[in-house]
Amino acid sequence: MIRILLNRLRGEPPLINFYEDYRYVNITPWIRKIRLIVLGISAFLFFVGILSTTSSMVPALTFWIIAIALIYFQAKYLKRLKMWVENNFWIDRLLLEMIVTNGLFDERLQNSVWLSYRETQNTLEVIALKRGDSFSRKVENLETEIESILGLPLIEKNIFPTRVEYSLLKYKPVRKLVDSLPKEDSSLSIEIYGDFVIDLRHNYSMLVSGASGAGKSFFSYYWITRFISQTVNGKHAKLFAIDPKQSDLYKLCRTAGMPTENYGTTNAEAFKIVRSYLKEMERRMAIYDESSAFDSVGIDIGLEPTLLIIEEYSSLVASLDTKEKKDFENKVAIIAQKARSLSMGICIVMQQPRSDSLSTNIREQLVNSVFLGNPSKESAGMMFGTTDLPQVKGKGVGVYSIERGNPKEFESPQFTEDVFDVILPVWEHVAKSYRTEIVKEKYF
């Protein structure tokens with residue numbers, strides 16, 4: 001206990017050994033013992049005071065006052081001590097209880113268990129030290145127990161040669177309520193929910209899927225609208241869209257006045273758009289090769305982020321014959337593989353993904369995955385590489401993974417006004433910007 005207090009006073013992270021520290025951090029038994037000792041001493045003083053009344057009342061009153069003072073102070077200050085320990089050592093206590101009471105480790109191993117933790121404004125990082133003993137393997141798989149005992153969601157787990165770090169979110173994020181969206185934004189990052197942030201300087205290619213009625217479309221509207229509003233050197237992020245069913249994505253592009261070469265619905269238009277996208281990649285590659293910047297992406301050399309979105313991908317490939325399907329998938333795979341460094345990406349939106357509708361060489365490049373609702377085991381395995389996912393409830397609630405990280409629950413931004421009234425002004429503003437740029441390229 002002294003070691004823990006000294007570390008706390010020095011501002012150092014606590015270093016907890018469960019076998020040594022459990023009985024100290026769990027303050028309740030000690031409070032009971034102190035209270036019994038104080039009550040015993042008080043009772044003894046009362047008894048001595050009664051005996052002393054035969055000679056004089058002064059000693060008796062002294063003993064009684066001391067006894068009453070002891071009872072008063074133990075009632076007042078032991079309670080404060082308990083609250084102080086519980087407030088300052090609640091993490092220590094819960095982590096200790098996780099090991100000692102849940103039977104995760106036998107008595108032989110408990111003596112070698114060493115944990116530490118550090119807190120930031122929004123996160124709590126639990127650090128399990130690996131000391132080269134039989135406990136070292138077990139510390140790599142404690143996420144379920146740590147989440148359960150602390151009641152906090154796990155953000156990330158990092159395994160190092162000497163330790164394992166579990167990062168947990170201290171506060172549940174607040175769901176975004178959307179009544180308007182900016183027409184221009186130069187942040188180049190799109191906040192979805194808590195630490196679910198799409199950084200356009202990284203790989204933002206994505207697979208979006210969802211159960212019927214779970215909110216997949218509304219999520220797509222939000223993320224695409226926030227994407228096209230992003231700007232680099234005054235130029236809006238570019239969008240190319242393929243919508244084989246002529247659904248709302250197609251209608252948005254047409255109503256907003258997007259250049260016709262930026263969207264399409266037929267198979268011929270889909271091939272034309274993909275070929276245009278590949279041509280843009282070649283143009284950017286030439287610019288990128290001439291740049292002397294190290295560890296950079298297209299945005300860093302002034303190229304605006306660009307996205308190819310394909311709605312109802314499975315319906316599109318199902319409408320192609322064998323030769324066309326192979327050709328189309330090869331082109332999409334090239335885009336998915338080479339897009340990141342050029343600040344280009346691809347977003348595929350589909351119902352429950354299956355291996356016969358999304359080829360492996362494309363799926364492996366879509367390092368970001370979003371599923372609204374609860375996926376089937378096959379879909380979970382394809383999208384997240386695991387079937388061990390959090391069970392979600394409610395419309396607009398789902399599971400996401402960024403750059404193949406641990407799947408986490410999220411709540412999609414919720415529109416408080418009619419969704420098209422909110423997003424259409426942004427689309428119209430961006431479409432006007434696209435048309436202006438086409439005129440400049442043509443005449444200047």
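Annotation: E261, atom CD; neighbour count of heavy atoms from other residues, nucleotides and ligands within 6.0 Å is above 12. No more than 12 heavy atoms of other residues, nucleotides or ligands lie within 6.0 Å of NZ in K338, so this atom counts as exposed by the packing criterion. Enclosure of atom CG in D388 is not indicated, since only 12 or fewer non-hydrogen atoms of other residues, nucleotides or ligands lie within 6.0 angstrom. In this structure, K272 places its NZ atom where only 12 or fewer heavy-atom neighbours from other residues, nucleotides or ligands lie under 6.0 Å away. No more than 12 heavy atoms of other residues, nucleotides or ligands shown are found within 6.0 angstrom of CZ on R354.
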Salt bridge (Lys or Arg N to Asp or Glu O under 4.0 Å) assessment of E280 paired with R283: CA-CA 5 Å; E280 173 64 12; R283 184 186 75 86; 2.8 Å; yes
Side chain to side chain contact (heavy atoms under 4.5 Å, CB included) evaluation trace for I309 with L239: CA-CA 8 Å; I309 181 168; L239 180 71; 3.8 Å; yes
Test side chain to side chain contact (heavy atoms under 4.5 Å, CB included) applied to I127 and F160, step by step: CA-CA 10 Å; I127 305 164; F160 300 97; over 6 Å; no
Derivation of the salt bridge (Lys or Arg N to Asp or Glu O under 4.0 Å) call for K326 and E324: CA-CA 5 Å; K326 184 177 180 180; E324 289 175 331; over 6 Å; no
F371 vs L207, side chain to side chain contact (heavy atoms under 4.5 Å, CB included): CA-CA, chis, key distance, verdict: CA-CA 8 Å; F371 193 98; L207 174 60; over 6 Å; no
Intermediate values then yes/no, side chain to side chain contact (heavy atoms under 4.5 Å, CB included), V126 and L150: CA-CA 10 Å; V126 178; L150 295 177; 4.1 Å; yes
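Listed here is the closest heavy atom pair of P390 and V399: O-CG2, 3.9 Å. Considering all non-hydrogen atoms of both residues, S357 and M350 come closest at OG-CE, 3.5 Å. Considering all non-hydrogen atoms of both residues, I402 and N368 come closest at CA-OD1, 3.4 Å. Contact between M383 and V370 at its shortest, heavy atoms only, is CE-O, 3.2 Å. Residues L358 and I348 come closest through the heavy atom pair CD1-CD1, 3.9 Å. Minimum heavy-atom separation, S343 to I299: OG-N, 2.8 Å.
Proximity of the aromatic rings of Y400 and Y193 is defined here by a centroid distance below 6.0 angstrom, and this criterion is not met. Ring centroid separation for the pair F227 and Y204 comes in under the 6.0 Å cut-off. The aromatic ring centres of Y263 and F240 sit 6.0 Å or more apart.
For the pair D300 and R201, the minimum side-chain heavy-atom distance is below 4.5 Å. Side-chain contact between F415 and I423 is present, with heavy atoms from C-beta onward closer than 4.5 Å. Using a 4.5 Å heavy-atom cutoff, the side chains of P407 and T386 are in contact. Put simply, the side chain of V274 reaches to within 4.5 Å of the side chain of I242, judged on heavy atoms. By the 4.5 Å heavy-atom criterion applied to side chains, M382 and S369 are not counted as neighbours. Annotation: side chain of V430 is not in contact with side chain of K183 (no heavy-atom distance under 4.5 Å). Residues V232 and P305 form a side-chain contact, since some pair of their non-hydrogen atoms from C-beta on lies under 4.5 Å apart. Residues V197 and I190 fail the side-chain proximity criterion, which asks for heavy atoms closer than 4.5 Å.
Remark: side-chain polar atoms of E156 are not paired, donor with acceptor, to backbone N or O of S167 under 3.5 angstrom. E269 places a side-chain N or O within 3.5 Å of a backbone atom of T266 that can act as its donor or acceptor partner. A donor-acceptor contact shorter than 3.5 Å is absent between the side chain of T231 and the backbone of K235. A donor-acceptor pair is defined here as one N or O able to donate and one able to accept, closer than 3.5 Å; such a pair exists between the side chain of Q230 and the backbone of L188. Under a 3.5 Å cut-off, the side chain of E290 and the backbone N or O of I287 do not form any donor-acceptor pair. Of the possible polar contacts, none joining the T306 side chain to the M344 backbone as a donor-acceptor pair under 3.5 Å is found.
For the atom pair NZ of K170 and CD of E125, the computed distance is 11.0 Å after rounding to the nearest 0.5 Å. Interatomic distance, D195 CG to F410 CZ, rounded to the nearest 0.5 Å: 12.0 Å. For the atom pair K238 NZ and Y277 OH, the distance stands at 11.5 Å (nearest 0.5 Å). Distance check, rounded to the nearest 0.5 Å: NE2 of H236 to OG1 of T436 gives 9.5 Å. The OG atom of S220 sits 9.0 Å away from the CE atom of M206 when rounded to the nearest 0.5 Å. Here the straight-line distance linking atom OG1 of T416 with atom NZ of K176 works out to 13.0 Å at 0.5 Å rounding.
Geometric assessment of R284 against the ring of Y288 yields a negative cation-pi assignment under the 6.0 Å and 45° thresholds.
By the 4.0 Å N-to-carboxylate-O rule, E437 lies too far from R435 to be salt-bridged with it.
Here the options are K331, K323, K325, the test is salt bridge (Lys or Arg N to Asp or Glu O under 4.0 Å), and the partner is D327; only K331 passes.
Side-chain contact check for Y166 and N158: no donor-acceptor pair (N or O, by modelled atom type) lies under 3.5 Å. Under 3.5 Å, the side chains of S319 and N267 contain a donor-acceptor pair of N or O atoms.
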